[in-house]
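Take a look at the structure set out below.
Values reported hereafter were calculated over all heavy atoms of this structure, with side chains retained and with hydrogens, waters and symmetry mates removed. Throughout, protein chains are lettered first and strands after them, A, B, ... in sequence-line order, and every chain is numbered starting at 1.
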Amino acid sequence: MRMSKGLFPTLKEAPKEAKIVSHKLMIRAGLMRKLASGIYTYLPLGYRVIRKIENIIREEMNKTGAQEVLLPTLSPQELWEESGRWEVYGPELMRIKDRHNRLFGLGPTHEEVITDLARREVKSYRQLPLTLYQIQTKFRDEIRPRFGMMRAREFHMKDAYSFDRNEKDLEKNYKKMYQTYQNIFDRCGLKYKAVEADTGPIGGDVSHEFMVLAKTGEDQIVYCKKCGYAANVNRAEYHRSPVTGHQSSVKEKPLKKVKTPGMKSVEEVTGFLKCKPKDLVKTLIYKVDGKPIAILIRGDHGVNERRLEKLLKAKEILLADEKTIEKVTSASLGFSGPVGLKIKIIADSDVASMKNMISGANEKDYHLININIDRDFKVDRILDIRSVIPEDLCPKCKTKLTFSRGIEVGHVFKLGTKYSQVLKATFLDEKGKEKPMIMGCYGIGLDRIMAASIEQNHDENGIIWPLSIAPYQVLVLIVNNQDKRQIKIAEKVYNSLEKEGIEILLDDRDLRAGAKFKDADLMGIPLRITIGNKAIKGNKIEIKIRKNNKVHEIDKKDLIPKIRSLREM
RNA sequence: CGGGGAGUGGCGCAGUUUGGUUUAGCGCGCAGCGUUCGGGACGCUGAGGUCGUGGGUUCGAAUCCCACCUCCCCGACCA
């Protein structure tokens with residue numbers, strides 16, 4: 001491609017709305033432009049990257065024997081109602097009406113559609129296992145789109161769905177996909193970790209997220225450097241460090257009620273009473289399978305809801321709404337406390353070892369100081385329910401855990417029969433018995449791979465693409481467009497490399513050298529060939545590697561083998 | 001949805017506090033001409049803006065008032 005003939009709009013300054021590097025560079029390098037909040041146009045350079053990623057995914061998926069399909073973006077309300085997600089998915093599911101006032105959902109994910117296909121087409125165990133996938137535009141009306149393509153409302157996803165006869169086969173498929181995902185992310189040049197994850201609105205029992213390690217990641221993960229245990233903090237297990245808690249020797253002080261007008265949050269209360277969050281106990285009212293229960297947790301800790309759900313053997317746990325809180329505590333939100341509560345109270349182990357705690361007084365604008373278990377209130381159960389903290393140890397090998405931020409680029413789920421059951425996707429087994437298909441689903445965010453790659457690979461001058469997903473592999477730069485000899489050499493180089501099937505960009509724009517160098521760095525093409533005076537006088541070709549700034553000067557005749565060998569790197 | 005910030009040529013900004021020398025500026029970019037040409041050159045000339053939208057106040061509004069829209073940031077079931 002000749003740059004003089006195409007659209008390569010680079011910017012010296014990033015628009016002020018872009019806050020993180022990948023977003024800034026994607027705009028500056030001319031990969032994309034914003035159309036509306038969370039909705040972007042891919043320009044030629046950006047779309048090439050997407051297609052590169054797409055092809056890597058496609059190749060790896062095909063290797064597993066999965067088949068590519070293309071499901072519709074629009075799907076009718078009735079189908080979503082069968083699975084119950086027309087309700088459950090909430091406003092994140094975009095909906096439109098056709099001219100007859102029939103409602104459709106714009107696909108945020110396609111479990112319903114694929115299960116509908118399976119129930120129509122798959123009848124026998126002989127047709128299983130089956131894995132289908134697609135690469136397609138998805139819509140999610142994100143509560144807050146941000147960071148460019150990192151959290152967009154219209155984005156691109158590879159979603160795959162597996163159908164098996166039994167759990168054992170699902171396990172095989174799951175492992176195969178897990179491995180395939182590693183292959184894909186490896187080929188994309190990403191540094192990532194696979195972590196145990198929460199299943200969220202997709203549902204199912206087991207899931208893993210593939211997290212690209214980056215400071216700007218929206219997720220927090222925790223992992224063990226020794227044994228490899230890794231999980232999203234929202235579900236991480238841990239072995240409690242023995243040093244947390246333990247104040248049994250402290251004397252109990254007399255209970256006091258203090259006025260705390262309008263002080264609701266931990267920060268407000270601790271700021272007002274001049275104490276630390278760890279002196280405070282939060283009283284959270286949960287609805288556990290519909291029944292209100294009070295959870296006591298230290299002010300600086302959080303509840304691991306998954307753990308809680310498991311320990312209570314509950315189907316559904318939800319924080320109570322304001323009305324319920326007012327009914328249960330007879331105070332407004334922000335002033336709940338355990339003293340005088342009539343409902344069941346569950347305390348975290350760390351709370352159990354606290355003395356002279358501060359809590360809400362179950363009375364508006366009042367808190368209690370020096371409350372103590374047994375003396376002032378009773379606890380029904382003591383459980384380990386707080387979420388992981390930096391002091392905790394690995395649940396498997398008791399090594400200190402490492403915290404990191406991650407960008408979720410892939411997610412694999414064991415769905416089981418969640419969708420096949422409600423949508424009645426069944427098959428007949430060897431004995432002629434009807435059974436629901438056992439499903440798995442596997443997603444990859446293409447745009448996120450692109451953004452995450454930039455987060456991991458850039459410098460102050462711009463993007464540094466890995467060869468595998470670079471929009472072009474080589475850029476030939478003509479230093480002085482007025483010099484006919486330079487143009488001649490550049491054209492020759494360009495044509496010969498193009499003939500070799502190397503993806504090449506020729507910067508033949510009528511710009512000064514400096515501007516071209518800056519653009520080349522910004523766009524991050526891995527290999528840059530500079531045609532200037534050296535090429536004329538010395539009969540040498542200069543190749544610069546974007547990644548490490550190394551310059552190779554080689555004879556013209558060695559150019560193609562050299563480029564080939566550099567591409568191997 | 002709650003809180004905060006912002007909308008002025010393609011991008012980045014000034015001007016708004018105190019309404020009137022502003023025919024609304026500046027840098028970058030863009031067009032033309034000339035000089036230049038290995039890390040974002042320089043000179044001259046020029047194009048491009050209903051100052052987010054709609055109302056209002058006023059002799060007069062980018063500037064004051066009201067409403068709405070859009071965008072960004074923080075938070076969003078942790079009391």
Does C51(B) pair with anything, Watson-Crick or G-U wobble, both distances under 3.5 Å, and if so, with which nucleotide?
-> none

Return the nucleotide paired to G25(B): Watson-Crick means purine N1 to pyrimidine N3 with N6-O4 or O6-N4, wobble means G-U with N1-O2 and O6-N3, both under 3.5 Å.
-> C13(B)

A31(B) pairs with, by Watson-Crick or G-U criteria that keep both distances under 3.5 Å | U45(B)

So, are Lys344(A) and Asp380(A) salt-bridged, with charged N and O less than 4.0 Å apart?
-> no

His156(A)/Tyr47(A) aromatic ring centres below 6.0 Å | no

List, with names and distances, any nitrogen or oxygen atoms from the protein found under 3.5 Å away from nitrogen or oxygen atoms belonging to nucleotides 47-49 of chain B.
none

Residue pairs passing the ring-ring contact (aromatic ring centres under 6.0 Å, His included) test where at least one lies in residues 267-298 of chain A, sequence neighbours excluded | none

Want to settle it: does His367(A) or Lys12(A) sit nearer the 5' end of RNA chain B, counting the closest nucleotide to each?
-> Lys12(A)

With C1' as the reference atom in both, quote the distance from U58(B) to G19(B) in angstrom, rounded to an integer.
-> 9 Å

For A61(B), which nucleotide in any strand shown is its Watson-Crick or wobble partner with both distances under 3.5 Å?
-> none

For Asp384(A), enumerate each residue passing the salt bridge (Lys or Arg N to Asp or Glu O under 4.0 Å) test, keeping only those at least two apart in sequence or located in another chain.
-> Arg240(A)

Nearest to the side chain of Leu522(A), which nucleotide is it out of G40(B), G38(B), C71(B)?
-> G40(B)

